[in-house]
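What follows is a single structure, written as structure tokens, with notes after it.
Naming: A, B, ... by sequence-line order, numbering from 1 per chain.
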Amino acid sequence: MTTVRIPAGWPATEEQALAVQDELRGKVVLDETGPPPGAGRVTGVDVAYDDGRDVVVAAAVVLDAATLDVVAEATAIGQVSFPYVPGLLAFREIPTVLAALDALPCDPGLVVCDGYGLAHPRRFGLAAHLGVLTGLPTIGVAKNPFTFTHDDPAAPRGSATPLLAGTEEVGRALRTRDGVKPVFVSVGHRVTLPNACAHTLALTPAYRLPETTRHADSLCRRVLKGTADPAPGHP
DNA sequence: GCGACAG
DNA sequence: ATCTTGTCGC
């Protein structure tokens, strides 16, 4: 396994990153082309950081959408490619996430990101950015509402309310467990908002967060700690 | 002007 | 994101 260097031409300043978002955001596809909820494959991606050493580990875990069994996984280690700036998270994570996706032995199907898609100050969050760069269907499932507003969804699992930027619905607050804090779902690329929510519900039979996210989070943390094999299949 | 702000 | 033990509850 090799370390992902910061790509040539990667934005180095906030101004450059904003320009890239401005250029790419028009390429988001809102039509549905991904697998229907509960069918095909679903892949979770997540990253973990080692602050002191400027290192980031990304994991991609592929599940069978019907059974939620793990069918493939891959990881990548990279240099942190951007500081954390709210609204520019993608520039910090994407190079290493792309390498993890490339290392998969199969098609990822729908990609589920930890963060936002169109629920973003410029409507181009991590999930949308990753979708445009890969052409894959993507959604974002975040753990908090960022700067957006919402009414509290009703208590039962499956209840949802609009996530609002002013009066524009940029995503949904979706209850995945009875009486538990909702998650915040938004469209990334090639998926509709109702289906993004349906996918999220199909991925949460037991916990608040999608099984995809839970697996990817666990894997990249274990690799960062040296507890898991960074290149399964290559002893 | 001052906070708040995905991970 | 990350720093961190035990503890209450199903």
To the nearest Å, how far apart are A/Lys143 NZ and C/dA1 C1'?
-> 9 Å
Which class fits the ring pair A/Phe82 and A/Phe91: parallel under 30°, tilted 30 to 60°, perpendicular over 60°?
-> tilted
Checking all strands, does A/Tyr49 fall into the base, sugar-phosphate, or nothing category for heavy-atom contacts under 4.0 angstrom?
-> sugar-phosphate
Which part of the nucleic acid, if any, lies within contact of A/Asp50, taking any heavy atom under 4.0 Å across all strands shown: a base, the sugar-phosphate backbone alone, or nothing?
-> nothing
Would you mind classifying the nucleic acid contact of A/Leu88 as base, sugar-phosphate or nothing, using non-hydrogen atoms under 4.0 angstrom?
-> base
Going from CZ on A/Arg5 to OG1 on A/Thr96, what distance comes out if it is rounded to the nearest 0.5 angstrom?
-> 12.5 Å
Using a heavy-atom cut-off of under 4.0 Å over every strand shown, decide if A/Ala48 touches base, sugar-phosphate, or nothing.
-> sugar-phosphate
A/Lys27 NZ: over 12 foreign heavy atoms closer than 6.0 Å | no
Identify whether any heavy atom of A/Gly140 sits under 4.0 Å from a base atom; if not, whether one sits that close to sugar-phosphate; answer base, sugar-phosphate or nothing.
-> nothing
Is A/Arg122 atom CZ crowded by more than 12 heavy atoms from other residues, nucleotides or ligands, each under 6.0 Å away?
-> yes
Rounded to whole Å, the CD1-P distance (A/Ile94 to C/dA1) equals 17 Å
Which distance, rounded to the nearest 0.5 Å, do you find between the CD of A/Gln16 and the CG of A/Leu18?
-> 10.0 Å
Mark yes when over 12 heavy atoms from residues, nucleotides or ligands other than A/Tyr84 sit less than 6.0 Å from its OH; otherwise mark no.
-> yes
Walk along DNA chain B from 5' to 3' and tell me the first and last nucleotide with an atom closer than 4.0 Å to a non-hydrogen atom of chain A.
-> B/dC5 to B/dG7
